[in-house]
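In the text below, chain A, chain B and the rest are named by the order of the sequence lines, each starting its count at 1.
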Amino acid sequence: MTRTPTGDLIRPNRKTNGVGVQAEDTRICVVMVGLPARGKSLIAQKVTRYLHWLSIPSKIFNVGQYRRSETPAPSASFFATSNPEGERLRRAAAEAAVNDMIKWFQRGAGLIAILDATNSTKERRRWIQNRCAAEGIQTMFVESKCDDPDLIMSNIREVKATSPDYKGQDPEVAAQDFLARIQNYEKVYETIDEDELDLTYVKLIDVGQRVIINQIKDYLQSRVVYYLMNLHIKPRSIWLSRHGESTFNLEGKIGGDADISERGEAYARSLPDLVRRCGDGRKLTVWTSTLKRTIQTARFLTFEKLEWKALDELDSGVCDGLTYADIEEQYPEDFKARDEDKYNYRYLGGESYRDVVIRLEPIIMELERSENILIVTHQAILRCIYAYFMNVAQEKSPWMEVPLHTLIKLTPKAYSTHEERLKADIPAVSTWRGKGSSAKHAEPTDEERNSMGKNVGSGH
Amino acid sequence: MDTLLTADIMANSPRVRRRSSVYVDAIHDLPEKEVMAPAQLYSTESGRLFHSGRIVIATVGLPARGKTHISVALARYLRWLGVKTHVFHLGDYRRATMGPGTDVPKDYFHINASPSSVLLRNKILKKCREDIFHFLDHENGQVAIYDAVNAISEGRRALAKEFAKHQVQTLFIESHCTDERIIEDNVRNVKISSPDYKGWSDELAVKDYLARLSARIPHFETMEEQDLHWVKLINAGERVVVNNCAFGYLSQRIVFYLLNLHTKPRQTYFARAGTTKHEDSYKADAALSEEGKDYARKLTERLIKHREQERQALIDRGGPENALVPMTVWTSTRRRTIETGQYFAKNGYAVIPRSQMSQMNPGVCEKMSEKRIRTEYPDEVIKHEADPYHHRYPRAESYHDLAVRLEPIILELEREQNDVLIIAHESVLRVLYGYLMACNAADIPKIEFPRDEIIEIIPASYNNEAKRIHISDVPENIIPGSPENISIPVPPSVPPSVPQSGAITPLPLPSGAGTPVSGSQSPAVPEPGSRPAGTPFTVPQPLNLKDTHIDPSS
């Protein structure tokens, strides 16, 4: 941890980010280590997405992308250690990536950079360590080590055959070439071992079956380790649904603990069938909030159910039980202030979206650990969870339209999260209200829908 | 708690005491039912959080590896999060069974012990295990920490199997040292506070301890079992190996906490910031007044003098020249706290401002008198009085909000190896003190930090001790003041009653002064030292704490 020099007393009063992570003194380069097809890019992406969601600026520097600009579709022989030209180009790509990363830190653009490459030799790792140390950047090596051939092959089929290197090639040929490429790396690969005890590192063996953590230097590093330990790479999906239409929805009131309406009841009855249609018979676990409307909505599902207090709707404080029109009338300044910065606005005596993200953090950790989960919850909560998986910016997430009586299926893939929406054929009121619009719920126009939905469709 | 301990163990386990006072570390009190913990985010009917089932955490390691420290620290953190946790020190059961002054047979820890020793061992183990099951089955307990040596692989397997029969997961935490210096330091620390050595001379205690390491427990197998859940902390957390632990949010969270924990002893001091020119304004972020600067100087001189005395005392007892660990000063990013720290900076101490340590935001109550708050927000005042810890005034933060915001600071405090002086607003000091002393959430808003005292928290493996260092010549009028605070119903600190002889004063009476009695006749500004008639003490008389490490059993 960099210490503030004595005497440098008054520093800018920076805002804490949402989770209060003590990040202001720390710049960390997370260096991925591992053979190809060990899920390095997946880990890198998840970590950045998680950090963004927690308001910690971070960025991935993928050495493969630098190399690709020189050699767009190399064959396995390019990666042979006996190929000096290949070796030179790969070295140049690594240098370019590290240089850009250091510039990025120098600009003050972020706190955590992720260097995504195999970094398979001790010599390469030492070189990165020295470059970063010279700039006062901490390094944290994250090695993903896995020797299970089935796991590796399934990763190759799913991810690598669709990699930019193999664009337009026969997937089976691509997979074989990729195996040959891995064999070339294996010849020189050195796992992190006792020689490198002075480095800060995390070694994830067989997808977290065993984890070795060495020389963790500060809180932020421990937090990243904590997140890494919760990850798994088994294929799964997450289903999200709001509760069925409630009597409060019908009256346009927010908050409360109302029962579901007749149409809400119809949605609850149709939910098992809706889940069957897009759940391909998988066994799910259902999570609801502790409020009646989500429990009622989930009650016809035959899966195991858990009630989470943390999934309760955003607490609207004094505005609980009011309509938007009431709020505009009784708290006109608040109504305006909320429109200006909805993410940070905290209802009088209630919560902001930022507050909700903090309380949802355990849910996100648990979701990362779990497999197939169906969450029945509330509009604001669903927006925050959706924002995490789909990497939606904070300015946008509180304004997203998440209609009632619609089941959303999210399937995390290596490079993005795949989304499907299944609408139940049961009408419901809209509870969406556009920014700066009048104080009532409305249907978004096509244009508004486009600006919130389409550009958030990828996990990138 | 009475259900937990049989009479003989009760009589001989002074450590397990009823929650009596905020001035006593309550980490060994049984958690109370139906009370939200300081940083608890939600509650459940079963009382179990994070949808984790019941867990036994069993420590593994030879003596003097910091197992008890780890057990207690972990319990402190889990309780802070609201997880019902209790520590079962097998050593307490051993001592309770043997009675005072009697030691277990020499072959007690041996694999091939005599039948009578095995019988005794089994009796003690059985009692401890029964209590663990009782806590988990009938006291809504979620995590039982079983503090024992658990030296043999076979025994660990049997333990995990037995708990599994009761649908309880077992997580082992091994503390493993390859660095002799850490072991020696631990021996030095453990011998001071462990009741095993009550009444022994230092030298004999160290000798005995080292002998015990090799003779009493000749067999020890480090954890390598692939199928068990375990965490191995090597050299006090320098390196951590985690095996097969992905069985619950809670287990991962425990690992996260352990990554920040170390077992080296260090002190934490708490001090208030000086007074400012615009006492009543939160937004103004005012600089120190002349009076405030004078206070900052006196605080600095007093603490430096105190540390010099401590150092001399340690040297007199045969400690090295650099007997004290260095001290770092943490302030918030508010101007008054940074300026209060500047005299420390001038004396060469590192002063680090931390943004999360900003005081509680008073929201709409800023610059308002108590009377005005009562007139304008009568409903809020009623709510606040019902639950001063969790209630937030409009736009304000509650103590609970503050506790959640301070969690990273708590982990950083665990991580810190230097002594730390925290200069912060009273609201922040209350919450941090509440963590270190395992206070009830309801008590936290009432803890008092008068300006003429520095509070020192001394860690020991069994429990923390608090001690107050008097600063003389602090003007009476600035001692209690916390006017920038939400002025009701959290009272400003009152001056201490009568300073005792010597530098160390007894803790001030926990007065209810300023706490409005229900109704609205309470005086807006309490007379210093006064207590509204008829307000009973909510906390009994505090202990008089002495100037030394205190044997908690005395």
Side-chain angles (χ1 to χ4, degrees), chain A residues 1 3-16 19-25 197 203 207-223 225-227 229-230 232 287 290 306-310 312 317-318 346-350 355 358-359 361-362 365-366 369, chain B residues 41-45 49-51 226 237-246 248-249 252-253 255-257 259-260 285 328 331 333-335 338-339 341-342 344-346 348-356 358 364 380 383 391-396 401 404-409 411-412 415:
Chain A
M1 181 121 210
R3 293 270 178 252
T4 310
T6 309
D8 176 18
L9 280 173
I10 300 184
R11 301 200 305 158
N13 189 353
R14 283 196 226 172
K15 277 191 204 163
T16 65
V19 286
V21 169
Q22 183 74 35
E24 30 196 276
D25 300 338
L197 282 179
K203 195 163 163 176
V207 203
Q209 168 65 27
R210 184 171 285 194
V211 184
I212 299 171
I213 305 152
N214 194 63
Q215 301 276 11
I216 290 299
K217 289 287 192 306
D218 67 24
Y219 174 73
L220 191 53
Q221 291 180 350
S222 74
R223 185 135 189 143
V225 173
Y226 174 44
Y227 179 74
M229 288 179 57
N230 278 293
H232 70 80
W287 294 357
T290 63
L306 297 175
E307 288 169 23
W308 288 80
K309 180 80 182 153
D312 282 1
V318 292
R346 179 182 276 163
Y347 274 111
L348 286 169
D355 294 336
I358 297 170
R359 86 160 133 100
E361 214 245 335
M365 284 290 182
E366 190 64 27
R369 282 191 346 91
Chain B
L41 294 173
Y42 61 97
S43 61
T44 62
E45 216 173 301
L49 297 188
F50 306 115
H51 290 285
Q226 292 276 349
E238 206 175 271
R239 189 174 164 83
V240 181
V241 183
V242 181
N243 186 69
N244 196 7
C245 276
Y249 178 74
Q252 308 280 44
R253 184 115 192 178
V255 172
F256 172 49
Y257 176 75
L259 285 180
N260 287 293
D285 195 13
T328 307
T331 69
T333 45
R334 307 278 296 173
R335 191 183 292 263
I338 294 173
E339 290 187 1
Q342 69 175 307
F344 284 100
K346 279 182 189 152
Y349 291 91
V351 178
I352 305 168
R354 299 206 174 274
S355 58
Q356 294 102 323
S358 295
V364 296
E380 295 293 335
K383 282 189 215 157
H391 173 260
R392 58 166 86 96
Y393 281 101
R395 297 279 163 71
D401 292 333
V404 171
R405 158 151 80 80
L406 283 171
E407 204 214 339
I409 291 289
L411 286 165
E412 291 230 32
R415 165 163 282 286

Kindly indicate, with the supporting measurements, whether the criterion side-chain contact (heavy atoms from CB on, under 4.5 Å) is fulfilled by A:Arg369 and B:Gln252.
-> CA-CA 10 Å; A:Arg369 282 191 346 91; B:Gln252 308 280 44; 4.0 Å; yes
Test A:Val211 against every option in B:Val242, B:Val241, B:Val240 by the side-chain contact (heavy atoms from CB on, under 4.5 Å) rule and name the one that passes.
->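 Only one of B:Val242, B:Val241, B:Val240 forms a side-chain contact (heavy atoms from CB on, under 4.5 Å) with A:Val211, namely B:Val242.
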Of A:Ile213, A:Ile216, A:Asn214, which meets side-chain contact (heavy atoms from CB on, under 4.5 Å) against B:Arg239?
->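 In the set A:Ile213, A:Ile216, A:Asn214, the residue that makes a side-chain contact (heavy atoms from CB on, under 4.5 Å) with B:Arg239 is A:Asn214.
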A:Tyr226 versus B:Arg253, closest heavy-atom pair with distance =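 Heavy atoms only, the tightest pair is OH-CD, 3.4 Å.
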Among B:Asn260, B:Thr331, B:Leu406, residue most engaged with chain A (heavy-atom pairs, under 4.5 Å) =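 Sorted descending by pairs with chain A, the first entry is B:Asn260.
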Not counting sequence neighbours, which residues clear side-chain contact (heavy atoms from CB on, under 4.5 Å) with B:Asn243? List them please.
->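 For B:Asn243 the side-chain contact (heavy atoms from CB on, under 4.5 Å) partners, ignoring immediate neighbours, are A:Gln209, A:Arg210, B:Gln226, B:Trp230.
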CD of A:Gln215 to CD of B:Glu238: how many Å apart, nearest 0.5 Å?
->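 Answer for the CD-CD pair, A:Gln215 versus B:Glu238, is 5.0 Å.
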Hey, what's the ring geometry for B:Phe256 with A:Tyr219, parallel, tilted or perpendicular (30° and 60° as the breaks)?
->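 Rings of B:Phe256 and A:Tyr219: tilted, 30 to 60°.
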